[in-house]
Amino acid sequence: MPGNLPESAAPLTADLNPEQRAAAEFGDGPLLIVAGAGTGKTRTLVYRVAHLVDRGVRPERILLLTFTRRAAREMLGRVERLVGSTGSRVHGGTFHATAHRLLRAYGERAGIAKNFSILDQGDAEDLMGIARSTLGHGERKSRFPKKETLQFVYSRHVNTEIPVADILREELPQFVDDLPDVMKVFEVYTARKAERNLVDYDDLLLFWAGMLEQAPELGERISGLYEHILVDEYQDTNSLQARVLRGMCRTHRNITVVGDDAQSIYAFRGANFKNILEFPKQFEGTTMVTLEHNYRSTQPILDVTNALIARARERFTKTLWTDRRGGEAPMLVTAHDENDQTRYVVDQIMALNEQGTPLREIAVLFRAGYMSADLEIELAARKIPFEKWGGLKFLEAAHVKDVLAFLRVLENPRDEVSWYRVLRLLPGIGEATARSAMTWLTERAWDPDAFAHWRPPPRAREAHAELVTMFAELRTPPTSRIRALAVEIARIRTMYDGILREKYDRPEPRLSDLDQLEAIAAGHPERAAFLAELALAPPSSTQDLAEGTTGEDDLLILSTTHSAKGCEWDAVFLIWAADGWFPSSRALRDEDEAEEERRLMYVAMTRPRKALHVVFPVNVYSSRWGADYSMAQLSRFIDVEVRGRMQRRSAGGHASRPGSTPGGVSGARQEVDLREMLRGRFGA
DNA sequence: TTTTGAAGTCTCTCC
DNA sequence: GACTTCAAAA
């Protein structure tokens, strides 16, 4: 069976270049593929999986770990197209999703009760807050880290395996003396999670590693599940994930990792690109393959990105090259202000679209989610459909979390975080009352029926009764085998919508978020799976501002640079390329952070196939204290070397306003901009 | 103890 | 400009 390349394998890898083929057809043992941007690393990985299947490895014995769910889906789809339907049996997903699956299957044997709820970051912060105030840090005594800070330190500690004391010393020196108290909070936090059957993101990885390392039999069993493990975006893994991989490979050592140290952009989450540099040391006898032939971009674009990354302190040096001659040099566009930037981008997009580039082949990238606000308004006004990736506001929105809290209480009656949230929604119940109700429930061992006997303060009587009725109704086993989840949400909304209307001045957009939640839920019959999926793979786009964009297929993509990793488009616009925005002023505290910002910009600029426009606004309105307007500088990364390889152009401003920018709607001479006149009038 | 209004804070990236 | 925190009133 494991015969060497029978004729069926020849066509399989025939369209790979020699290096790619070497990687795809590599046999057993550790393999490190260092692949520059656009060198076909996904393709290589896909072909490698296909080759393994072709060679006779059973698909369900292959595990493909990716960074996002989108990547997993895409790669498995491509595997399937290569090897047929058996390809769908390959296991794939993110580290967290895989950990979750294993924990649901084997967790009970390791002391994790089933039906645990997953805490997302916000929930974890809330619970940290509860732990914090339990220990009496609620009052404004001496300064003590906020719940968000505590959660950050905790998570950093778990993921990087750096002692808490060191993290405090390095990152938060003002709290060094609080170490004992901080540890105590973590202790309570951990204990509460256990009591309430809660699992946070970090636990998913930690428990996975724990099962492998601490439980001899279980570890044997789990590490024996797979014969081959392949990991994408290895530069963005952290020490804990590396530990998990070592555990998974302790018997066979068949591990393939792919990555590019020049594209490591998740240090803020504990990722350590030294993982990839040290891979050969961790796995002795590693074979290394380097991919440098870029198939994505034209040479002028590569000239610019090579110059950009040349100054980085990367260790695996690669110089990307292509044989795609021709193409325009990337454009460096100076805009008068944000409005000009927006107008330039929209005009260019419309022109490209008229010339035949579909909208979905165009993307606008930016450093942070909020930077696209002005653009979104303009796109909506011009009826250009778009989808926004990243900045996952949807799940973080208070009203969505509220509705989910009801569901989670139903799912896990011990879910303290969700109980707390639900209770405080009721009129007449605030922090103190909610807390006493929690104590009351704890004393009754979280018996789901006990809540009906709790005596609320008089003002909350009615709401309490309503809630009890609703929970009773929803807990009654439905007559049909499975009650549609969407029906449950609809029932919750009969109670919650009223609360929402009271709470917010403009409830409509929030109500439509809930409609969307209901719609998403309609596709998931099972409550537990739905809640887990929401936590692990949140819907990637928020509700669009533009109306009538639902069901559109040809959408413009707006994305944070982080969410754009691994993707490519014909044309890419990078906006807000101004110092302080990109690099973000908050990410310049030390040289390592600045380096990561450089790599992030490298990721952004290596996305386009044919056209790259880098835009920066000179005059920026800032709502911070001081001057209303200030002058922005071009991003420090676009230095002489980089700039010299770009065409310069200025957008809009006074010079080109009357005739509109090239490519825009020509002929219509514009004397005044009424939209402009209105915008900013009401302080927006 | 909850609610309300006003002052104050801080803007990110994601599983 | 949105969200949190704080102090005073109901």
Side-chain angles (χ1 to χ4, degrees), chain A residues 65-72 93-100 118-125 129 138-140 146-148 152 155 158-159 199-205 208 233 236-238 240-241 264-271 365-374 389-393 395-398 424 426-436 456-460 502-506 532-538 540 559-565 576 580-588 593 596-597 599-601 603-604 621-625 680 682-684:
Chain A
L65 290 165
T66 56
F67 203 69
T68 62
R69 205 177 62 140
R70 195 166 56 226
T94 61
F95 271 89
H96 290 87
T98 305
H100 175 243
I118 296 178
L119 298 177
D120 68 19
Q121 188 171 329
D123 302 327
E125 286 166 1
E139 314 314 319
R140 63 215 128 116
K146 284 192 287 205
K147 60 180 204 245
E148 292 83 5
F152 165 80
S155 182
V158 171
N159 283 287
V199 167
D200 65 26
Y201 284 146
D202 307 321
D203 288 337
L204 288 172
L205 299 178
W208 187 1
E233 309 283 10
D236 286 321
T237 55
N238 58 45
L240 181 54
Q241 287 165 323
S264 148
I265 55 176
Y266 278 94
F268 73 90
R269 205 173 90 184
L365 307 183
F366 30 84
R367 173 66 177 83
Y370 70 88
M371 292 179 188
S372 64
D374 188 66
W389 292 355
L392 10 121
K393 291 254 172 54
L395 261 194
E396 285 161 14
R424 287 201 317 169
L426 307 185
I429 296 184
E431 196 181 329
T433 317
R435 211 176 288 281
S436 79
R459 288 197 51 206
E502 279 295 309
K503 207 161 138 188
Y504 301 103
D505 286 343
R506 260 173 18 93
E533 174 158 335
L534 276 188
L536 293 169
S540 55
S559 174
T560 60
T561 359
H562 282 90
S563 297
K565 192 174 70 159
W576 283 110
W581 280 259
F582 205 152
S584 161
S585 51
R586 295 188 55 251
L588 293 169
E593 286 190 342
E596 176 146 319
E597 292 287 299
R599 294 191 296 266
L600 191 54
M601 181 168 275
V603 168
Y621 177 77
S622 97
S623 57
R624 290 170 221 183
W625 309 322
F682 305 106

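A, B, ... follow the sequence lines: proteins, then strands. Residue 1 opens every chain.
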I'd like a list of close polar pairs between nucleotides 8-10 of chain C and the protein, N/O only, cut-off under 3.5 Å.
none

To the nearest angstrom, how far is Met371(A) atom CE from dT11(B) atom C1'?
-> 10 Å

Quick one: label Phe95(A) by what it contacts on the DNA or RNA (base, sugar-phosphate, nothing), any heavy atom closer than 4.0 Å.
-> nothing

Between CD of Glu148(A) and C1' of dT4(C) the distance, given in whole Å, is 9 Å

Touch class at under 4.0 angstrom, heavy-atom based, for Thr68(A) against every strand present | sugar-phosphate

d(Ile118(A) CD1, Asp123(A) CG) to nearest 0.5 Å is 10.5 Å

Presence of salt bridge, Asp236(A) and Lys565(A), under 4.0 angstrom = yes

Side-chain N or O of Thr560(A) less than 4.0 angstrom from OP1 or OP2 on dC12(B)?
-> no

May I ask you to say whether Lys146(A) pairs ionically with Glu125(A), meaning some side-chain N is under 4.0 Å from a carboxylate O?
-> no

When the nearest nucleotide of DNA chain B is assigned to Ala368(A) and to Leu426(A) on a heavy-atom basis, which residue is associated with the more 5' position?
-> Leu426(A)

Round to a whole Å and report the spacing from CD1 of Ile118(A) to P of dC14(B).
-> 19 Å

Nearest-angstrom distance from the residue atom CH2 of Trp389(A) to P of dC14(B) | 12 Å

If we only count heavy atoms from C-beta on, is the Phe268(A) to Glu596(A) side-chain gap below 4.5 Å?
-> yes

Using atom P of each nucleotide, how far apart are dT13(B) and dT4(C) to the nearest Å?
-> 16 Å

Once you round it to whole Å, what is the distance between P of dC14(B) and CG of Leu205(A)?
-> 17 Å

Glu596(A) atom CD is separated from dC14(B) atom P, nearest whole Å, by 12 Å

Using atom CG of Leu240(A) as one end and atom P of dC15(B) as the other, report the distance to the nearest whole Å.
-> 17 Å

Under 30°, 30 to 60°, or over 60°: which ring-plane class applies to Tyr266(A) and His562(A), parallel, tilted or perpendicular?
-> perpendicular

Parallel, tilted or perpendicular for Phe95(A) and Trp208(A), by the 30°/60° rule?
-> tilted

To the nearest angstrom, how far is Tyr370(A) atom OH from dC12(B) atom C1'?
-> 7 Å

Can you name the side chain to side chain donor-acceptor pair (under 3.5 Å) partners of Asp200(A), sequence neighbours left out?
-> Tyr189(A), Lys193(A)

Minimum-distance nucleotide to Arg459(A) side chain [options: dC15(B), dC12(B), dT3(B)] = dT3(B)

Which part of the nucleic acid does Lys146(A) contact within heavy-atom distance under 4.0 Å: base, sugar-phosphate only, or nothing?
-> sugar-phosphate

May I ask you to verify if any side-chain N or O of Arg269(A) is less than 4.0 angstrom from the OP1 or OP2 atom of dT13(B)?
-> no

Distance between P atoms of dC12(B) and dT5(C) (Å, rounded) = 15 Å

